[in-house]
Amino acid sequence: MIKRNKIKRALAEQEILATSNHPFIVTLYHSFQSEDHLYLCMEYCSGGEFFRALQTRPGKCIPEDDARFYAAEVTAALEYLHLMGFIYRDLKPENILLHQSGHIMLSDFDLSKQSEPGGVPTMIVARGGASQNSLPAIDTKSCIANFRTNSFVGTEEYIAPEVIKGNGHTSAVDWWTLGILVYEMLFGTTPFKGKNRNGTFANILRDDVGFPEHPGSPSITNNCKSLIRKLLVKDENRRLGSRAGASDVKGHPFFRSTQWALLRHMRPPMVPSQGKGIDAVNFRAVKESESVDIGAARVRGVPLSTDIETTGDKDFDPFEEFNSVTLHHDGDHDHQQHLEEDYSHGDVVHMSSRN
C-alpha cells in the first residue's frame with residue numbers, strides 16, 4: 001500500500017466505514033493491521049455484486065419499476081454520505097453489493113473524498129411554501145460546503161464531464177453517476193460508451209444522452225427519461241441535485257410513488273437464493289470495469305518515496321491512524337442494528353492474508 005501510493009485511500013475507506021451506520025452501506029465490524037497487512041472485517045453480502053446480478057438478467061437489464069427501487073436505495077445511501085461530508089465518486093454496479101435480504105449495500109470507498117469542515121445541513125421547503133403534504137427536506141449539498149477537489153478518479157464510462165475537464169468537481173459527480181447507473185440498469189449498457197477510453201470521454205463531453213428506439217429495446221416512461229436527462233446534464237450547476245442535493249433527486253416525479261421511509265422494509269425485486277451462510281455461488285468471476293486514479297502519486301501530505309520500508313522503518317507508520325475498531329451489535333439480528341464503536345489502540349494481530 002505504501003509503495004503503490006495507496007495510503008490515503010486505505011485510511012479514507014476505513015474512516016468512512018468506521019463512522020457510517022446506514023442500512024444501505026456495508027457494515028464494518030472490525031479493522032486492524034499486522035506488520036504487513038491491513039484488514040477490514042465487513043458484513044458478508046451473500047448476493048454478491050449487483051453487477052453480476054444484472055449480467056445474469058435477460059438483456060443484462062431490469063424493468064423500470066425494479067430500477068426505481070434500486071435507484072431509490074442508492075439515492076438514500078448517497079444522501080447519507082453527503083450528510084456525513086463525503087463524496088462517493090465511484091458509483092457503479094460493481095461497487096454495489098446485494099445483502100441476503102436483496103437490499104443493496106454500497107461498498108468500496110477508497111476513491112471517496114471527505115470535504116473540509118464547515119458544512120452544515122439546512123432545511124428547505126417546497127417552492128411556494130410548505131403544505132400539509134410537503135414536509136421540510138434536508139439540503140445535503142450544504143453539508144459538503146461547496147467543496148471542490150481536482151483529482152482525476154472514477155470509472156471510465158461513469159466519469160462526469162467536469163472530472164474529464166480537470167477543473168475540479170463537487171458532490172454533483174455522484175448525481176451524474178446515478179444517472180449512468182439508472183441508464184445501465186434499464187438498457188444493459190452505459191450511454192456514452194466509445195470504442196476506447198478517449199472515445200468514451202469525447203462522447204461524455206459532446207453527446208446528449210439518447211435512448212434506444214429499435215424493436216425489442218426496453219420501453220421507459222417520460223418521467224424516467226426526464227430523470228436520466230436531468231442527472232446527465234453536463235453543466236454541474238444545472239444538474240439535478242445541484243440546488244439541494246438528494247432532496248432535488250427524491251423530489252423528481254420519477255420517485256413520486258417511492259415511500260422513502262419504508263424502503264428497508266419493502267421486498268426487493270431480486271432476492272438472492274438462500275443457502276448456507278458460507279455459500280459463495282453469487283461470486284463467480286465476471287469481467288468488470290476498473291476504477292482509474294490518474295495522478296495518484298500526487299497525494300499531498302503523505303511521504304510517498306519508494307524507499308519507505310513496510311517492515312523496517314519503525315519510526316514512521318503511515319497507518320498510525322488505522323486504529324483497531326470494533327463495532328458491536330446490540331443484539332438485534334436485523335442488518336441495520338445500532339452500532340457502537342470501541343476503539344482500542346495498538347492492537348497488532350498476525351494473520352495470513354486472503355487472495
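Side-chain contact between F211 and L186 is absent, with no heavy atoms from C-beta onward closer than 4.5 Å. E157 places none of its side-chain heavy atoms less than 4.5 Å from the side chain of E184. Counting only heavy atoms from C-beta outward, the side chains of D248 and H252 never approach each other to under 4.5 Å. For the pair M1 and I7, the minimum side-chain heavy-atom distance is 4.5 Å or more. In this structure, the side chains of S31 and L40 come closer than 4.5 Å at one or more pairs of heavy atoms. For the pair T258 and L263, the minimum side-chain heavy-atom distance is below 4.5 Å. S171 has its side chain within reach of I87: a pair of non-hydrogen atoms, C-beta onward, lies under 4.5 Å apart. The shortest distance between side-chain heavy atoms of L205 and K165 falls below 4.5 Å.
In this structure, Y80 and H22 have tilted ring planes: the angle between them lies in the 30° to 60° band.
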Item to check | Check against side-chain contact (heavy atoms from CB on, under 4.5 Å), F192 and I180 | outcome: CA-CA 9 Å; F192 302 113; I180 302 290; 4.0 Å; yes
Item to check | Stepwise side-chain contact (heavy atoms from CB on, under 4.5 Å) test for W176 and L232 | outcome: CA-CA 5 Å; W176 172 277; L232 298 183; 3.7 Å; yes
Checklist entry - Please walk me through it: do W175 and L240 pass side-chain contact (heavy atoms from CB on, under 4.5 Å)? => result CA-CA 7 Å; W175 303 123; L240 187 64; over 6 Å; no
Next on the checklist: Quick one, F24 with M105, criterion side-chain contact (heavy atoms from CB on, under 4.5 Å). Give me CA distance, side-chain angles, the key distance, then yes/no.
Outcome noted: CA-CA 4 Å; F24 306 139; M105 302 189 92; 5.8 Å; no
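Between the E64 side chain and the T221 main chain, a donor and an acceptor come within less than 3.5 Å of each other. Of the possible donor and acceptor atoms, one in the side chain of R89 sits under 3.5 Å from a partner among the backbone N and O of L111. Side chain of N95 to backbone of L91: no donor-acceptor contact under 3.5 angstrom is found. For the pair T75 (side chain) and A71 (backbone), a donor-acceptor distance under 3.5 Å is present. Between the side chain of Y70 and the backbone N or O of P268 there is no donor-acceptor pair closer than 3.5 Å.
More than 12 heavy-atom neighbours from other residues, nucleotides or ligands sit within 6.0 angstrom of CG on D235. Annotation: R267, atom CZ; neighbour count of heavy atoms from other residues, nucleotides and ligands within 6.0 Å does not exceed 12. Counted within 6.0 Å of NZ on K60, heavy atoms from surrounding residues, nucleotides or ligands total 12 or fewer; the atom is thus considered open.
Under 3.5 Å, the side chains of S101 and H99 contain a donor-acceptor pair of N or O atoms. Between the side chains of E73 and H103, at least one donor N or O sits under 3.5 Å from an acceptor N or O.
Residue D174 comes nearest to H82 through the heavy atom pair OD2-NE2, 2.7 Å, listed as atom of the first residue, atom of the second, then distance. Smallest separation of non-hydrogen atoms from G102 and L98: O-CD2, 3.5 Å. In this structure, K234 and D207 approach most closely via the heavy-atom pair NZ-O, 2.5 Å. In terms of heavy atoms, V173 sits closest to A160 at CG1-CB, 4.1 Å. Contact detail for P269 and F69: the closest heavy-atom pair is CD-CD2, 3.4 Å. Here the shortest heavy-atom pairing between E236 and G168 reads OE2-O, 4.2 Å.
Tracing side-chain contacts under 4.5 Å through hydrophobic residues (I, L, V, M, F, W, Y), one never reaches V233 starting from L178; they form parts of separate clusters. L106 and L54 fall within the same hydrophobic cluster, defined by Ile, Leu, Val, Met, Phe, Trp and Tyr side-chain heavy atoms under 4.5 Å apart, directly or through other members.
To the nearest 0.5 Å, the span separating CD on E49 from OG on S107 amounts to 7.5 Å. We find the OG-CD1 distance between S226 and I220 to be 10.5 Å, quoted to the nearest 0.5 Å. Atom CG of L262 sits about 10.5 Å away from atom CZ of R264, to the nearest 0.5 Å. R256 CZ to N223 CG: the interatomic distance, rounded to the nearest 0.5 Å, is 6.0 Å. One finds the CD1 atom of I104 at 8.5 Å from the CD1 atom of I25 (value rounded to the nearest 0.5 Å). With rounding to the nearest 0.5 Å, the separation of CZ in F201 from CD in E156 is 5.5 Å.
Under a 4.0 Å N-O distance rule, the pair E162/R239 qualifies as a salt bridge.
Cation-pi geometry between R68 and F254 is met: the NZ or CZ atom falls under 6.0 Å from the ring centre, inside 45° of the normal. Remark: K193 is not positioned above the aromatic ring of F187, lacking an NZ or CZ atom under 6.0 angstrom from the ring centre and at most 45 degrees off the axis.
The only member of T155, T190, T177 that meets side-chain hydrogen bond (donor to acceptor under 3.5 Å, both in side chains) when paired with K92 is T155. When each of L17, L11, I16 is checked for a side chain to side chain contact (heavy atoms under 4.5 Å, CB included) with E13, only L17 meets the rule.
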